[in-house]
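To start, the structure itself, in structure tokens.
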Amino acid sequence: MQVGAQYRRVVSGSVTETAEVLTITTDSFHIPHVRFMVRNNLPEGSCAPDQRTLSAESFSRLFNERVAS
């Protein structure tokens, strides 16, 4: 996982989310976190992007498909 890279996950059926990694930081407990911008891709179009943060482990588990640039 790297800053600027995009990853995708299937939420359900034809709904996907695409996440772009903004930063990777470590908190005071030495747990790495990923701050990312996520966009829902619906059959009728995309929703407005939303900024989120997850532990790096959770992010990797959820967004396991890298999107080619």
Side-chain angles (χ1 to χ4, degrees):
M1 154 183 10
Q2 62 185 9
V3 173
Q6 293 186 0
Y7 300 86
R8 181 175 26 231
R9 76 179 183 130
V10 176
V11 178
S12 66
S14 60
V15 178
T16 62
E17 287 185 328
T18 303
E20 179 179 349
V21 176
L22 301 175
T23 61
I24 301 170
T25 58
T26 303
D27 67 13
S28 59
F29 296 104
H30 305 288
I31 299 171
H33 285 79
V34 178
R35 188 167 55 93
F36 59 99
M37 191 67 68
V38 66
R39 184 180 66 249
N40 291 316
N41 306 304
L42 308 169
E44 59 275 2
S46 295
C47 291
D50 183 31
Q51 194 174 116
R52 300 181 190 167
T53 302
L54 285 173
S55 70
E57 181 181 341
S58 294
F59 180 88
S60 294
R61 192 173 352 99
L62 290 173
F63 293 94
N64 55 10
E65 178 189 350
R66 179 140 186 203
V67 177
S69 307

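- Here the CE-CD distance, from M37 to E20, works out to 8.0 Å after rounding to the nearest 0.5 Å.
- Counting only heavy atoms from C-beta outward, the side chains of D27 and H33 approach each other to under 4.5 Å.
- In terms of heavy atoms, N64 sits closest to R61 at ND2-O, 4.0 Å.
- The number of heavy-atom neighbours closer than 6.0 Å to CD of E57, taken from other residues, nucleotides and ligands shown, is 12 or below.
- For the residue pair E17 and N41, the shortest heavy atom distance occurs at C-ND2, 4.2 Å.
- For the atom pair CZ (R39) and CD (Q6), the distance works out to 6.5 Å, reported to the nearest 0.5 Å.
- With side-chain heavy atoms closer than 4.5 Å counting as contact, directly or through intermediates, the hydrophobic cluster containing L54 also holds M1, V3, Y7, V21, I24, V34, F36, V38, F59, L62, F63.
- The CG atom of L22 lies 5.0 Å from the CZ atom of R35; values are rounded to the nearest 0.5 Å.
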